[in-house]
Amino acid sequence: MKIEATLLTPETPIIKIKIGDKYYPKSILTEEIIKIENGDSEKILSRHLITEGLVLLDTEMYYETPKTVIFEIEEESVVMNFIYSSNVETQIEQLEGDKYSKENTHNIFYTDNFKATLNIPAFTQVNYLSIILSKEFYYNIINEDWQLHEKFSKNILNKQSSYLTSKYLPFTPAIQWVTHEIKTCTRKGALKRIYIESKIKELLIYQLETINVKPLSKEKIDKEDYSKLLEAKKILDNDYRNTPTLPELSRLISLNEFKLKKGFKACFGTTVKSYIIKLRMEHAKELFQSKSATVSEAAYKCGYKDVSHFSAAFKSYYGFSPQKFKINTDFLQFWLIGLSLLF
C-alpha cells in the first residue's frame, strides 16, 4: 500500500509512505513527523504512526492563501476518518459525499485506489486524523460477516468503493476522548503497538454504535441556536475545571436556560451537568493512568474542592473508587510490560 499527499502550487510532497498489506501483530509501530513552514504563520505539521497494514496520520495545516492538496492511496484500504475542521472542499474519485467538510465529524470508507482533491481556504486551521488500514488488517479487528456492517463488508468484498454511512456523523464524547488518547500516546515499542491497536478497535466500536443508534435530530433547532450550543460545548471543553453555572453559561452564549438545557441534550445526547462530569472523570482517568497525580491532586485538577465528593463522583461514574482504579491501573501496566517481553 502506497500513501502520498502533495501540496500543489508549488508542488511539495507532504506524505510519502509505502508499507505491506499484511497483518503482523508483532510488528512495531514506527513514528515520523513532517514539519513544513513558510514564514511565521503558514505551516504543515503531520505526525505518522506506521506499521504493516496500518498508517495513522494526524495532520494540521494553516495557510494565508488558498491551497490545494492531492491525497492518494494505492491499493485497497479502509479509512477511519475524523475531521476537526470545516469548510474544506473535498472531491473524491469513486465516492460521493458532502462537498464541504464539517467540524468534529467522522466516517469510515473503503476504496480501491483512492484519490482526493482538498481545496483548503485561507486563514483556516485544518486538522484531521485518518487511520488507514489494509483490508487484511481491518478484517483482523472486525469479523467480515458481522451484521453490524454487513452492507459495508459486502462492498469491500465486491471491491465497490463506499462509505459506512451516507453522511459524516458528529463526534460523540467517547470518540473525542479516544482520538485524544491516540493523539497524546507516549508509549514506546511493543506497548505502543498494543495500545494503539486496542484504541483503534475501541474507536471502531463507537463508530459502529453511531450508525446503529438513531441520531438525534437537529432539525428542530435553528441554525443560530445550534451555533450557540456548539459555543457552550466549547466553553465546557476548554475549562471543565472551573465551569460556569447554567445561568452564567446561558448569558455567555446569549441563549435562555430552557433552550440551553433542552438543546444541549438534543444535540449532544447528554445534559450539561453530565457532560461536565464526563470530562472531569475522563481527565481523572488520564491522570491516574499516567501516574501523575494522587487522588487528592486529581480531585483538585478536575475541579473538586472536596476529595470525598470527587471519590463519590468517580465511583458513580466508573463503578469503583479512585483508589481501586489506581491499583488496577498499576497492575495492568505491570502486566503489559511483562507481556511486551514476550514479543
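In this text the structure is predicted, and so the values were computed from the model without any measurement. Values below: every heavy atom of this structure, side chains too, minus hydrogens, waters and symmetry copies. Index from 1, following the sequence.
Ring geometry for Phe82 versus His106: interplanar angle under 30°, hence parallel rather than tilted (30 to 60°). Note on ring orientation: taking the six-membered ring where Trp is involved, the planes of Phe109 and Phe114 are parallel (angle under 30°, cut-offs 30° and 60°).
Side chain to side chain, Ser46 and His48 meet the donor-acceptor criterion of an N or O pair below 3.5 Å. Of the N and O atoms on the side chains of Tyr128 and Asp58, not one donor lies less than 3.5 Å from an acceptor on the other residue. Side-chain polar atoms of Arg241 and Tyr304 form no donor-acceptor pair below 3.5 angstrom. Looking only at atom types and distance, the side chain of Ser85 has no donor-acceptor partner in the side chain of Asn127 under 3.5 Å away. Side chain to side chain, Glu76 and Tyr110 meet the donor-acceptor criterion of an N or O pair below 3.5 Å.
Residue-environment remark: CD (Glu224) stays at or below the threshold of 12 foreign heavy atoms within 6.0 Å. Atom CD of Glu11 has 12 or fewer neighbouring heavy atoms from other residues, nucleotides or ligands inside a 6.0 Å radius. Atom NZ of Lys261 has 12 or fewer neighbouring heavy atoms from other residues, nucleotides or ligands inside a 6.0 Å radius. Atom NZ of Lys233 is surrounded by more than 12 heavy atoms from other residues, nucleotides or ligands within 6.0 Å. Counting non-hydrogen atoms of neighbouring residues, nucleotides and ligands closer than 6.0 angstrom, the NE2 atom of His180 exceeds 12 such neighbours. Other residues, nucleotides and ligands contribute at most 12 non-hydrogen atoms within 6.0 Å of the OH atom of Tyr24.
Between atom OG1 of residue Thr90 and atom CG of residue Asn119 there is a gap of 8.0 Å, rounded to the nearest 0.5 Å. Between the CG atom of Asn81 and the OG1 atom of Thr105 there is a distance of 8.5 Å, given to the nearest 0.5 Å. Annotation: the span from Leu169 atom CG to Glu209 atom CD amounts to 12.5 Å, rounded to 0.5 Å. To the nearest 0.5 Å, atom CD1 of residue Ile142 and atom CD1 of residue Ile108 are 7.5 Å apart. Between the CD1 atom in Ile17 and the CG atom in Leu57 there is a gap of 5.5 Å [rounded to 0.5 Å]. To the nearest 0.5 angstrom, Lys167 atom NZ is 11.0 Å from Asn107 atom CG.
In terms of heavy atoms, Ser250 sits closest to Glu257 at OG-N, 3.4 Å. Considering every non-hydrogen atom in both Thr270 and Phe264, the closest pair reads O-CD2, 3.2 Å. In terms of heavy atoms, Leu260 sits closest to Leu229 at O-CD2, 3.9 Å. Scanning both residues, Ser161 and Leu95, for their nearest heavy atoms gives C-CD2, 3.7 Å. In plain terms, the two heavy atoms of Phe310 and Ala298 that are nearest each other are CZ-CB, 4.0 Å. Across all their heavy atoms, Leu236 and Pro244 have their closest contact at CD2-CD, 4.4 Å.
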Test Glu136 against Lys22 for salt bridge (charged side-chain N to carboxylate O under 4.0 Å, His left out), laying out the working first. CA-CA 6 Å; Glu136 182 174 321; Lys22 298 297 182 182; 3.7 Å; yes
Determine, stepwise, if the pair Lys99 / Glu89 fulfils side-chain contact (heavy atoms from CB on, under 4.5 Å). CA-CA 6 Å; Lys99 185 175 181 181; Glu89 184 182 2; 3.0 Å; yes
List the steps and the verdict of side-chain contact (heavy atoms from CB on, under 4.5 Å) for Leu7 and Lys67. CA-CA 7 Å; Leu7 175 68; Lys67 301 290 183 182; 3.7 Å; yes
For Val307 and Tyr300: C-alpha separation, side-chain torsions, deciding distance, then whether side-chain contact (heavy atoms from CB on, under 4.5 Å) applies. CA-CA 8 Å; Val307 177; Tyr300 174 75; over 6 Å; no
What do the steps show when you test Lys199 against Glu202 for salt bridge (charged side-chain N to carboxylate O under 4.0 Å, His left out), and what is the final call? CA-CA 5 Å; Lys199 291 300 170 184; Glu202 193 175 348; 3.1 Å; yes
Between Glu297 and Lys301, is a salt bridge (charged side-chain N to carboxylate O under 4.0 Å, His left out) present by the stated rule, with each step listed? CA-CA 6 Å; Glu297 289 169 341; Lys301 290 180 179 180; 5.4 Å; no
For Tyr168 and Tyr100, run ring pair (Phe, Tyr, Trp, His ring centres under 6.0 Å): C-alpha distance rounded to whole Å, both residues' side-chain angles, the deciding distance at 0.1 Å, then the answer. CA-CA 11 Å; Tyr168 270 71; Tyr100 291 93; over 10 Å; no
Pair Glu60, Lys43 - check side-chain contact (heavy atoms from CB on, under 4.5 Å), show working. CA-CA 8 Å; Glu60 297 179 25; Lys43 69 170 186 177; 4.0 Å; yes
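Here Tyr62 is tied into one hydrophobic group with Phe123, each link being a pair of ILVMFWY side chains closer than 4.5 Å.
Residues Tyr163 and Thr111 form no side-chain contact, since every pair of their non-hydrogen atoms from C-beta on lies 4.5 Å or further apart. Using a 4.5 Å heavy-atom cutoff, the side chains of Ser311 and Pro322 are in contact. Residues Glu4 and Ile15 fail the side-chain proximity criterion, which asks for heavy atoms closer than 4.5 Å. At a threshold of 4.5 Å between non-hydrogen side-chain atoms, the residues Lys192 and Glu31 count as touching. Side-chain contact check for Leu133 versus Ile131: some heavy-atom pair is nearer than 4.5 Å. Within the 4.5 Å cutoff, side-chain heavy atoms of Ile200 are placed close to those of Met80. Side-chain contact between Thr179 and Leu203: present, with at least one pair of heavy atoms (C-beta onward) separated by less than 4.5 Å. With a 4.5 Å cut-off on side-chain heavy atoms, Ile196 and Leu29 count as touching.
The backbone N or O of Ser308 sits less than 3.5 Å from a side-chain atom of Asp306, completing a donor-acceptor pair. The backbone N or O of Val88 lies less than 3.5 Å from a partner atom in the side chain of Ser101, making a donor-acceptor pair. The closest donor-acceptor contact from the side chain of Ser274 to the backbone of Thr271 lies at 3.5 Å or more, if one exists at all. Not one N or O on the side chain of Thr51 forms a donor-acceptor pair closer than 3.5 Å with the backbone of Leu54. One N or O on the side chain of Arg47 and one on the backbone of Lys183 form a donor-acceptor pair closer than 3.5 Å. At distances below 3.5 Å, not a single donor-acceptor pair connects side-chain atoms of Thr6 with backbone N or O atoms of Pro13. Under the 3.5 Å distance criterion, the side-chain polar atoms of Asn104 are left unmatched by any main-chain donor or acceptor of Phe171.
When hydrophobic clusters are built by joining Ile, Leu, Val, Met, Phe, Trp and Tyr residues whose side-chain heavy atoms come closer than 4.5 Å, directly or via intermediates, Ile92 is not grouped with Ile70. Leu249 and Tyr226 fall within a single hydrophobic cluster, where Ile, Leu, Val, Met, Phe, Trp and Tyr are joined by side-chain heavy atoms under 4.5 Å apart, directly or via other members.
Partner of Glu282 under the salt bridge (Lys or Arg N to Asp or Glu O under 4.0 Å) criterion, chosen from Lys278, Lys285, Arg280: Lys278.
A salt bridge does not link Glu231 to Lys228: none of the charged nitrogens lies less than 4.0 Å from a carboxylate oxygen. Ion pairing between Lys135 and Asp21 fails under the 4.0 Å rule for side-chain N and carboxylate O.
Arg187 forms a cation-pi arrangement with Tyr195, by the criterion of a distance under 6.0 Å to the ring centre and an angle within 45° of the ring axis.
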